[in-house]
Amino acid sequence: MKYILDGKAMKDADRYTIEETGMPSLVLMERAALKTLEVMEQEKLDLSNVLIVCGSGNNGGDGFAVARLLLQRGKTVTVVLAGNPDHCTEETKTQRKIFENCGGITMREIPKGDYTAIVDALFGIGLSREVSGHYAQILKKLNSMSGKKVAVDIPSGVSAASGEILGTAFRADMTVTFAYQKAGMVLYPGASFAGKVFVADIGIYLNEQVCGQRYVTYEKEDIERFRPKRKPDSNKGTYGKILMITGSSGMSGASYLSAKAAYRTGAGLVQIFTSEANRIILQSTLPEAIVSVYTDETDAALLLKEKLEWADIICLGCGIGTSETARKITDTVLGYLSEQPKNCVVDADGLNLIASMEEEKKERYLRGSGKCLIFTPHVKELSRLLSKTVEETKKNRISLAQQYSENYNIVLAAKDARTVVTGKGLFPYLNMSGNAAMAKAGSGDVLAGIITGLLALGMDRYEAASLGVCIHGFAGDAARETYGEHGVMAEDIIEMAASLSGEVNWKGTKQR
């Protein structure tokens, strides 16, 4: 498990390290320069003729320090101070002076010529306004030039908080960032400008009491650390009775994929409540599951009440459609959970049905049952829940998800290229696994099943959603390696997820 920070949190960590521990800023700058050069050499970049463009802030100071180290190694270095010399920080003034005392020359404009490597030390993590005018022209020129492109800490023009491109941005082949990955180089579109990212430890301390926005993320080895272990004297009842309320007529695939994913994740017993039209195919393809059915002529809501009493964990919505029957089923589940709280994953059509409810009814249901719900919306479904446009939702997806979780105490797995999981009073989980090969029908059903299976193993909502998203992504990565970028199918993700790791005792990692 590790942290990802936004620009403000990183500045808080810098400030704490300098002011509270007594670490001089120039020492951190020297370490940053050494690590940047170390990575460039490690990656075997041609450093025979390097262009470094510096700003007036401390990112520019890092650039001057890198230039001096290259100069001392006998390399040809061209340094351009693009920022206002009168506005340079004291550290940057010092680094420029040392560079020039060592024989370096600082220019004000980029000379014509070809360079083997181009280093961006223009803005760093503090940028919050749109890049325009002189600076925009510089970035466009750098992007048009040949030579390997290296960003120091973060590509200039990328918001460290959101990954938004602030007008224009440096398009790096690689980024050397310090202490922690920054959210802006993880979230899209910023991630596509960062290239290959290297995180360098330069001795910065993170004080969690004073640090701003940060995210938790898991690495592959965390799956083995956090997934619960099966007890040697257990039985199927030990690992939960799951009720999967999934699949309208003709949507047996959603029922099959979500139920199989729950079983493969470790659930002990799964019952599928579905349309009569799906009974035969589900009994033949997934004989391990109990299949209970309804028809359009029966009172599905009445039949459902008995199933809800039986269940320990519920999954609602995969492929149920938006018919009147599906609407009554959703009303029944939410009404029941308001009185008898049980953890419930709501996906796909379940979310759309909730979004379409009258406001008064929706508020009543969500206030009553929010404490046991996990929602797994993609961006369009989230926009419906929030009554916002897709564009508004995409731009502020994480903050909107956090607000929604705080408001209703719902754990929200907001799916996208970088899925984020939010919960009331919790650090957001930001997922780093997964790939475009997973953009296939049924992938969301698999995720809902994995999360439901983890709930059945005894994990709490936030941890089940976070680890479920992590497992789903790494399983997709493994499937891509096996079947290629275009060949992955949803069922492949299930099989890869089942073999990702062993199981160990669950201890929890909740961060408040």
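The structure displayed is predicted, hence computed values, not measured ones.
By the 4.0 Å N-to-carboxylate-O rule, Lys361 lies too far from Glu358 to be salt-bridged with it. With respect to Asp222 and Lys2, no salt bridge is recorded, no charged nitrogen being found less than 4.0 Å from a carboxylate O. At a threshold of 4.0 Å, the pair Lys260-Glu491 counts as salt-bridged, since one of the basic side-chain nitrogens sits closer than that to a carboxylate oxygen. Between Glu359 and Lys362 there is a salt bridge, since a side-chain N of the basic residue sits under 4.0 Å from a carboxylate O of the acidic one. The residues Lys148 and Glu43 are annotated as not salt-bridged, no charged nitrogen and carboxylate oxygen being separated by less than 4.0 angstrom. Ion pairing of Asp120 with Lys149 is absent here, as no side-chain N (NZ or NE/NH1/NH2) approaches a carboxylate O to less than 4.0 Å. In this structure, Asp416 pairs ionically with Lys394, as a charged nitrogen and a carboxylate oxygen lie closer than 4.0 Å. Under 4.0 Å is where a charged nitrogen must lie from a carboxylate oxygen, and between Lys11 and Asp14 no such pair does. Salt bridge status for Glu288 with Lys236: absent, with no side-chain N to carboxylate O gap under 4.0 Å.
No hydrogens or angles considered: nothing links the side chains of Tyr3 and Gln181 as a donor-acceptor pair under 3.5 Å. Side chains of Tyr336 and Lys342: a donor on one and an acceptor on the other come within 3.5 Å. Defined by atom type and a distance below 3.5 Å, a donor-acceptor pair is present between the side-chain atoms of Ser255 and Thr246. Defined by atom type and a distance below 3.5 Å, a donor-acceptor pair is present between the side-chain atoms of Asn407 and Arg367. Counting only N and O atoms by type, the side chains of Glu392 and Thr389 include a donor and acceptor under 3.5 Å apart. Side-chain N/O atoms of Thr419 and His472 include no donor and acceptor closer than 3.5 Å. With hydrogens and angles left out, the side-chain atoms of Thr177 and Asp153 include a donor and acceptor closer than 3.5 Å.
Among residues two or more places apart in sequence or in another chain, the ring pair (Phe, Tyr, Trp, His ring centres under 6.0 Å) test is passed with Tyr294 by Phe273. Considering only residues two or more places apart in sequence or on other chains, Ser356 meets the side chain to side chain contact (heavy atoms under 4.5 Å, CB included) condition with Arg327.
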| side-chain hydrogen bond (donor to acceptor under 3.5 Å, both in side chains) assessment of Ser433 paired with Asp477 | CA-CA 7 Å; Ser433 61; Asp477 291 340; 5.1 Å; no

| said: Does Tyr408 form a side-chain hydrogen bond (donor to acceptor under 3.5 Å, both in side chains) with Glu363? I'd like the steps, not just the answer. | reply: CA-CA 9 Å; Tyr408 295 113; Glu363 280 290 312; 2.2 Å; yes

| Derivation of the side-chain contact (heavy atoms from CB on, under 4.5 Å) call for Asp12 and Lys8 | CA-CA 6 Å; Asp12 289 341; Lys8 180 182 181 304; 3.2 Å; yes

| Criterion side-chain hydrogen bond (donor to acceptor under 3.5 Å, both in side chains) on Thr422 and Ser405, from CA distance to verdict | CA-CA 6 Å; Thr422 59; Ser405 290; 2.7 Å; yes

| request: Would you please test Tyr218 and Phe226 for ring pair (Phe, Tyr, Trp, His ring centres under 6.0 Å) and show each step? | output: CA-CA 10 Å; Tyr218 294 152; Phe226 297 151; 5.2 Å; yes

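Within a 6.0 Å sphere centred on CE of Met489, other residues, nucleotides and ligands contribute 12 heavy atoms or fewer. Ile281 CD1: 12 or fewer foreign heavy atoms inside a 6.0 Å radius. In Lys328, the NZ atom is not crowded: 12 or fewer heavy atoms of neighbouring residues, nucleotides or ligands sit closer than 6.0 Å. Annotation for Glu221: atom CD counts as buried by contact number, over 12 foreign heavy atoms lying within 6.0 Å.
Rounded to the nearest 0.5 angstrom, Met1 CE and Cys470 SG are separated by 12.0 Å. From Leu282, atom CG reaches atom CD1 of Ile272 across 4.5 Å, with rounding to the nearest 0.5 Å.
The nearest pair of heavy atoms linking Ile242 to Trp310 is O-CZ3, 3.4 Å.
A cation-pi arrangement is absent between Arg418 and Tyr188 under the rule of less than 6.0 angstrom and at most 45 degrees off the ring axis.
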